[in-house]
Amino acid sequence: MPNASFTKRFCRGALRWEEERYPEGIKWKFLEHKGPVFAPPYEPLPENVKFYYDGKVMKLSTKAEEVATFFAKMLDHEYTTKEIFRKNFFKDWRKEMTSEEKSTITSLSKCDFTHMSQYFKAQTEARKQMSKEEKQKIKEENERLLKEYGYCVMDNHKERIANFKIEPPGLFRGRGNHPKMGMLKRRIMPEDIIINCSKDSKVPPPPPGHKWKEVRHDNKVTWLVSWTENIQGSIKYIMLNPSSRIKGEKDWQKYETARRLKKCVDKIRNQYREDWKSKEMKVRQRAVALYFIDKLALRAGNEKEEGETADTVGCCSLRVEHIKLHPELDGQEYVVEFDFLGKDSIRYYNKVPVEKRVFKNLQLFMENKQPEDDLFDRLNTSILNKHLQDLMEGLTAKVFRTYNASITLQQQLKELTNPDDNIPAKILSYNRANRAVAILCNHQRAPPKTFEKSMMNLQSKIDAKKEQLADARRELKSAKADAKVRRDEKAVESKKKAVQRIEEQLMKLEVQATDREENKQIALSTSKLNYLDPRISVAWCKKWGIPIEKIYNKTQREKFAWAIDMAEEDYEF
DNA sequence: GCACTCACTTAGAATTGATCAG
DNA sequence: CTGATCAATTCTAAGTGAGTGC
């Protein structure tokens, strides 16, 4: 545990501690690291692995071959059948070809990557079949790499780095309907890399024969390494692990801001309800948008450059086509039906009864507009956040998500925890509370491919256990009967215990089945990691005598070390 | 106001590793 | 011991929001 002392100081010092040590935006005083680990160089295919064009064997130049292997490795994926993907890939691939290749290879549909694909599958298989010793050797090599490059020194602490390996080249896979899917993500070279470290540290040397793009000493940022990526032109960073002081402190601050919102949220809610009546259109739009952000935990919804990314929206960027108004629906009045793609192209679908004023305002906002027009045409995230800043220092749209997620967990835990339950049942309650939050935040996942099968397996286990229980009960009965005749109480006791044990096992399985079924399309981890004040969970564990390991795995315990140290059983969010 | 850059958090999928039943 | 299964970890895309300069 490289960080034990941080946690202690961090807890006692609270915010003051940070301010004392780091005036205005200074993030560290000393930073030393070994630089990034680059992707392994391309290894050309063995001679016997062939690429075919138009039915004929064709030997590709190394550069063209490398890009071809990226496609071959994805051949089984649905991606490679999509027109945009193929078009983007082919265009970028041709840029890597020699002029002869370019003149020969003119159509992707005439390219046959199946042999290459088979080769890679065989490679994967071979890796699985490797002997223990070979696997051990790879493991040791990885550990060596981690030991050498996976840590840095920030101020007086050795800290784990999150992503010290540079992203290898490959084909870009956006989420959803991304216009750039299939484009070539180029190989990052030392000449692309900016190193950030302190002046008095040992600057990491670039690989032999290479130079860094730049070495800078900027202690107002937290990153160690950066480079510009070629698909969107955005900057990528190497930063510290969530267990680090700098990340933990920020995380803690985030929840403290959300707790400050708790204190003034009633006032803010009254305010926006008043604003629904404002004479100013901008104010009304702002107030309705804020209502959605608060009630439905929608994201802010920054503008995006059209055609550069998938068409997704958040609250401020909702368009008329994303909502339907139902004056009455299924016996409820003033229902708004939301249907849009949010972050990561995850669909948000919800039918929500709203207050009459909200409904009337929405009708007004939609008047004389086309489906593709902005719903809140007088509003954007910057206007909204400026307003929020006036309501509370440090308040932004995303704080509502954090606040509502955490307060929901706390309420749900109070409501769902049954003091008489055993530990597995209590954990089911915890997961249900967590699930309520995940549903609120719309954290979905694709149902696991093997979901049905795994449910069936579990069910047959339950059936077997039930039979076992019936048997055990029969045995107990006959033991009781025997005992009457022969006064053998010992046998009865042991049978009783057996029945109890099996009952417990059965109940555990049934709880597991319920949990899994309810979790089919819901991802708990995102809310657990990013939205739920960990002190709520720590306090709950302490209160009910649940070992923290049942709630947080090792990585999560490292990330939340500050909270585990800090929170007592009576902690209130 | 607006376009653009930068730094940082949040996100689901893919891959890897640990565990368990047969 | 071995393969199936599930949990953990890794990966990197996709958001938020502040700041800058016109």
Side-chain angles (χ1 to χ4, degrees), chain A residues 25 27 73-74 77 79 124 127-129 132 135 138-139 142 146 162-168 170 172-176 178 180-181 185 194 196 218 220-223 226 228-229 231-242 246-247 250-251 253-254 293 299-305 308-310 312-317 341-346 380-386 388-389 394-399 401-402 405 438 441-446 448-451 453-454 457-458 460-461 464 512 516 519 521-531 552-556 558:
Chain A
K27 304 291 169 62
K73 281 178 183 167
M74 300 171 100
H77 204 286
Y79 271 107
T124 313
R127 230 172 298 136
K128 272 194 220 151
Q129 300 300 325
K132 258 194 184 138
K135 281 184 182 168
I138 292 174
K139 202 176 163 194
N142 284 337
L146 174 68
N163 55 328
F164 59 92
K165 289 179 186 155
I166 300 270
E167 296 169 21
F172 175 78
R173 312 145 81 125
R175 305 266 168 91
H178 197 116
K180 299 196 172 182
M181 64 168 87
K185 200 169 95 166
I194 302 174
N196 192 34
D218 182 357
K220 291 197 166 63
V221 297
T222 66
W223 53 267
S226 77
T228 301
E229 152 273 346
I231 304 289
Q232 326 264 3
S234 66
I235 308 167
K236 299 240 173 172
Y237 304 94
I238 291 182
M239 289 184 189
L240 297 194
N241 198 68
I246 205 148
K247 294 287 184 188
K250 197 80 188 294
D251 206 32
Q253 247 181 56
K254 174 181 79 184
I293 283 169
R299 295 187 186 83
N302 282 316
E303 297 110 297
K304 305 165 75 187
E305 217 176 324
E308 293 291 299
T309 59
T312 62
V313 297
C315 185
C316 293
S317 51
L341 297 182
K343 180 174 180 180
D344 292 318
S345 294
I346 297 292
N380 59 41
T381 54
S382 165
I383 295 170
L384 178 65
N385 281 331
K386 279 203 184 88
L388 293 177
Q389 192 62 239
L395 186 61
T396 63
K398 87 188 187 85
V399 179
R401 247 167 106 79
T402 311
C441 295
N442 200 39
H443 291 142
Q444 298 187 25
R445 60 168 187 172
K449 285 190 182 75
T450 53
F451 185 83
K453 202 176 142 205
S454 107
N457 285 346
L458 195 52
S460 57
K461 265 195 207 168
Q512 203 186 344
R516 197 181 293 176
N519 242 8
Q521 300 195 62
I522 297 167
L524 299 186
S525 60
T526 302
S527 49
K528 201 176 196 174
L529 245 39
N530 300 302
Y531 288 102
Y552 291 138
N553 67 31
K554 184 170 144 282
T555 314
Q556 293 164 341
E558 279 167 13

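Computed from heavy atoms alone, side chains included, the values below leave out hydrogens, waters and symmetry copies. This one's a predicted model, so the numbers in the text were calculated from it and none came from an experiment.
If you check every strand for non-hydrogen atoms under 4.0 Å, S234(A) touches nothing. At a threshold of 4.0 angstrom between heavy atoms, the contacts of I231(A) with the nucleic acid are absent. Contacts of N302(A) with the nucleic acid, taken as non-hydrogen atoms under 4.0 Å apart, include base atoms. Nucleic acid contact class of G314(A) (heavy atoms, under 4.0 Å, all strands): none. E229(A) comes within 4.0 angstrom of nothing in the nucleic acid, heavy atoms only. Across all strands shown, T222(A) has heavy atoms under 4.0 Å from sugar-phosphate atoms exclusively, and none from any base. Counting any heavy atom pair closer than 4.0 Å across all strands shown, A162(A) reaches no nucleic acid atom. Counting any heavy atom pair closer than 4.0 Å across all strands shown, R175(A) reaches a base atom. Here Y237(A) lies in heavy-atom contact (under 4.0 Å) with a base. Nucleic acid contact for P242(A): none, since no nucleic acid atom lies under 4.0 Å from a heavy atom of the residue.
Computed from coordinates, the E558(A) CD to dT9(C) P distance equals 8 Å when rounded to whole Å. Between M74(A) atom CE and dT12(C) atom P the separation is 12 Å, expressed in whole Å. As rounded to whole Å, 8 Å separates atom P of dA3(B) from atom CD of E303(A). Atom CE in M239(A) sits roughly 13 Å away from atom C1' in dT10(B) (whole-Å rounding). Rounded to a whole Å, the OH atom of Y552(A) is 15 Å from the P atom of dT9(C). Nucleotide dT10(B) holds its P atom 17 Å from the CG atom of L524(A), rounded to whole Å. As a whole-Å value, the separation of K247(A) NZ from dT10(B) P is 10 Å. K304(A) has its NZ atom 20 Å from the C1' atom of dC2(B), to the nearest Å.
Looking at the side chain of A397(A), the nearest of the listed nucleotides dG17(C), dC6(B), dT10(B) is dG17(C). The side chain of R299(A) approaches dT16(C) more closely than any other nucleotide in the set dT10(B), dT16(C), dA14(C). Picking from dA18(C), dT12(C), dA8(C) the nucleotide with the shortest atom distance to the side chain of K236(A) gives dT12(C). Among dG15(C), dT12(C), dA11(B), the nucleotide with an atom closest to any side-chain atom of R401(A) is dA11(B). Among the nucleotides dA18(C), dC8(B), dT10(B), the one closest to any side-chain atom of K398(A) is dT10(B).
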Dump every N/O contact between nucleotides 18-22 of chain B and the protein below 3.5 Å, one line per pair.
none

Check nucleotides 14-16 of chain B against the protein and report each pair of N or O atoms closer than 3.5 Å, with its distance, or say if there are none.
| unit_1 | atom_1 | unit_2 | atom_2 | d |
| --- | --- | --- | --- | --- |
| dA14(B) | OP1 | H77(A) | NE2 | 3.2 |

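Evaluated for a side chain to side chain contact (heavy atoms under 4.5 Å, CB included) with C316(A), the options T381(A), N385(A), I383(A), N302(A) yield exactly one hit, T381(A).
Of the side-chain N and O atoms in S382(A), none sit less than 4.0 angstrom from OP1 or OP2 of dA18(C). OP1 and OP2 of dA13(C) both lie 4.0 Å or more from every side-chain N or O belonging to H178(A). N553(A) has a side-chain polar atom (N or O) that falls below the 4.0 Å cut-off from OP1 or OP2 of dT9(C).
S382(A) and K386(A) share a donor-acceptor pair across their side chains, judged by distance under 3.5 Å alone. A donor and an acceptor atom, one from each side chain of T222(A) and K247(A), are nowhere located under 3.5 Å apart.
The shortest side-chain heavy-atom distance between K236(A) and I166(A) does not fall under the 4.5 Å cut-off.
Summary of the strand contacts: Q556(A) and A300(A) both lie near DNA chain C, and taking for each the nucleotide with the nearest heavy atom, the more 5' one is attributed to Q556(A).
If you check distances only, the side chain of K343(A) does reach the base of dT10(B) with a donor-acceptor pair under 3.5 Å.
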Walk me through it: do L384(A) and I293(A) pass the test side chain to side chain contact (heavy atoms under 4.5 Å, CB included)? CA-CA 11 Å; L384(A) 178 65; I293(A) 283 169; 3.4 Å; yes

